[in-house]
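To start, the structure itself, in structure tokens.
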Amino acid sequence: MPPDSRHSNFKKLQKKFYERYVLNVAPDLLGKIFVRRIGNIILSGRIVETEAYDGKIDAAAHSYNGKTIRNAVMFEGTGLLYVYFTYGMHYCANVVSGGRDQGQAVLIRGIEPIDGITHLSNNRFGNIMLSNKQHLNLTNGPAKICKAFNITKEQNGIDLTGNSIYILDADLPPNSVIIKTTRIGIKKSVDLPWRFYIKDNPFVSKKSG
DNA sequence: CCACGGATTGGCT
DNA sequence: GCCAATCCGTGGA
């Protein structure tokens with residue numbers, strides 16, 4: 001059973017965690033608990049899949065060609081939430097790392113739901129949980145996560161050390177095996193092994209890669 | 001199970 | 001004007 005963040009003593013990750021290089025932050029986010037508070041409602045889940053992007057050396061990063069309106073948050077500080085809009089209909093959420101003006105971020109690609117599952121389901125499908133198939137399809141992809149957690153451009157730039165969206169420290173489940181492989185859905189820097197996930201977790205978006 | 005293409009907006013060239 | 005750090009439905013093996 002995953003932990004219930006409402007009843008845990010887990011501590012919120014602080015600036016020091018996010019300040020490190022993105023290739024350290026991305027795998028270290030695996031197992032941590034992503035939390036969104038909306039009034040009295042708590043939505044949460046364990047992070048099971050991430051990807052690193054480093055604009056200094058990585059042509060696939062949005063920050064690769066410098067700061068623009070869209071990617072500005074990637075340059076504006078450590079531990080911020082960078083939310084971008086893509087394919088005309090989807091949002092994806094990232095954690096800014098490394099420090100100001102570094103252009104580094106970790107894309108959150110897979111989450112195992114913990115708290116507020118009926119709310120996550122209502123946000124995602126427009127009704128409460130119906131089937132096991134829907135349960136597994138809730139947050140196993142970056143845009144699915146934003147849909148379920150109701151994250152849009154409104155949340156772009158939120159400080160993750162605040163009280164609305166944050167990440168709790170937590171240990172990996174026992175016997176977890178971390179897979180390091182290539183990233184998904186990009187056309188540049190395709191060979192960099194900058195994707196990380198927990199082996200055999202059902203909320204990883206894709207097994208191979 | 002796998003491959004393919006449509007949806008649909010806004011950022012950037 | 002091009003096309004994206006995606007998702008989902010369809011159609012064939």
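Just so we're clear, the structure is a prediction, and the values are computed from it rather than from any experiment.
In this structure, A:Asn137 places its CG atom 12 Å from C1' of C:dG9, rounding to the nearest Å. Rounding to whole angstrom units, NZ of residue A:Lys206 and C1' of C:dT6 are separated by 9 Å. Look at OH on A:Tyr82: it is 9 Å from P on C:dA5, rounded to the nearest Å. The interatomic distance linking A:Leu81 (CG) with C:dA5 (C1') rounds to 14 Å, in whole Å.
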Under 3.5 Å, which donor-acceptor pairs link side chains of residues 81-99 of chain A to any protein atom two or more places apart or in another chain?
from: A:Tyr82; atom 1: OH; to: A:His62; atom 2: ND1; distance (Å): 2.8
from: A:Asn94; atom 1: ND2; to: A:Tyr82; atom 2: O; distance (Å): 3.1
from: A:Ser97; atom 1: OG; to: A:Gln104; atom 2: OE1; distance (Å): 3.2

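Among residues two or more places apart in sequence or in another chain, the side-chain hydrogen bond (donor to acceptor under 3.5 Å, both in side chains) test is passed with A:Glu19 by none. The side-chain hydrogen bond (donor to acceptor under 3.5 Å, both in side chains) search around A:Asn122 returns none, not counting sequence neighbours. For A:Lys147, the salt bridge (Lys or Arg N to Asp or Glu O under 4.0 Å) test picks out no residue, with sequence neighbours left out. For the side-chain hydrogen bond (donor to acceptor under 3.5 Å, both in side chains) test, no residue two or more places apart in sequence or in another chain qualifies with A:Thr78. Applying the salt bridge (Lys or Arg N to Asp or Glu O under 4.0 Å) rule to A:Arg20 yields the partners A:Asp28; only residues at least two apart in sequence or on another chain are considered. In this structure A:Asp58 satisfies the side-chain hydrogen bond (donor to acceptor under 3.5 Å, both in side chains) test together with A:Arg183, A:Ser189, sequence neighbours excluded.
The backbone N or O of A:Val35 sits nowhere less than 3.5 Å from a side-chain atom of A:Ser44 that would complete a donor-acceptor pair. A donor-acceptor pair under 3.5 Å is formed between the side chain of A:Glu51 and the backbone N or O of A:Ile184. With A:Arg36 contributing its side chain and A:Phe149 its backbone, the two residues share a donor-acceptor pair below 3.5 Å. A donor-acceptor contact shorter than 3.5 Å is absent between the side chain of A:Asn123 and the backbone of A:Leu120.
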Just the dot-bracket of DNA chain B, please: which string comes out with Watson-Crick or G-U pairs under 3.5 Å, [ ] for crossing, | for another strand?
|||||||.||||.
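Salt-bridge formation is not detected for the pair A:Glu76/A:Arg100: no Lys NZ or Arg NE/NH1/NH2 atom is positioned less than 4.0 Å from an Asp or Glu carboxylate oxygen.
Of the residues in residues 49-62 of chain A, those lying under 4.0 Å from DNA chain C by heavy-atom distance are A:Tyr53, A:Ala60, A:His62. For DNA chain B, the neighbouring residues in residues 87-100 of chain A, judged by any heavy atom under 4.0 Å, are A:Tyr87, A:Gly88, A:Met89.
The span of DNA chain B lying next to chain A, judged by atoms under 4.0 Å from heavy atoms, is bounded 5' to 3' by B:dA7 to B:dC12.
Of the candidates C:dA4, C:dC8, C:dA5, C:dA5 carries the atom nearest the A:Ile186 side chain, counting heavy atoms from C-beta on.
Between A:Lys187 and A:Ala143, the one whose closest nucleotide on DNA chain C sits nearer the 5' end is A:Lys187.
Pairs engaging residues 149-174 of chain A under the salt bridge (charged side-chain N to carboxylate O under 4.0 Å, His left out) rule: A:Lys15-A:Asp159, A:Lys32-A:Asp169 [sequence neighbours left out].
A:Arg183 has no side-chain polar atom (N or O) that falls below the 4.0 Å cut-off from OP1 or OP2 of C:dT6. Considering only side-chain N and O atoms, A:Lys144 lies nowhere under 4.0 angstrom from the phosphate OP1 or OP2 of C:dT6. Proximity of A:Arg109 to the phosphate of C:dT6: a side-chain N or O atom is located under 4.0 Å from OP1 or OP2.
No side-chain heavy atom of A:Phe203 sits less than 4.5 Å from a side-chain heavy atom of A:Ile111.
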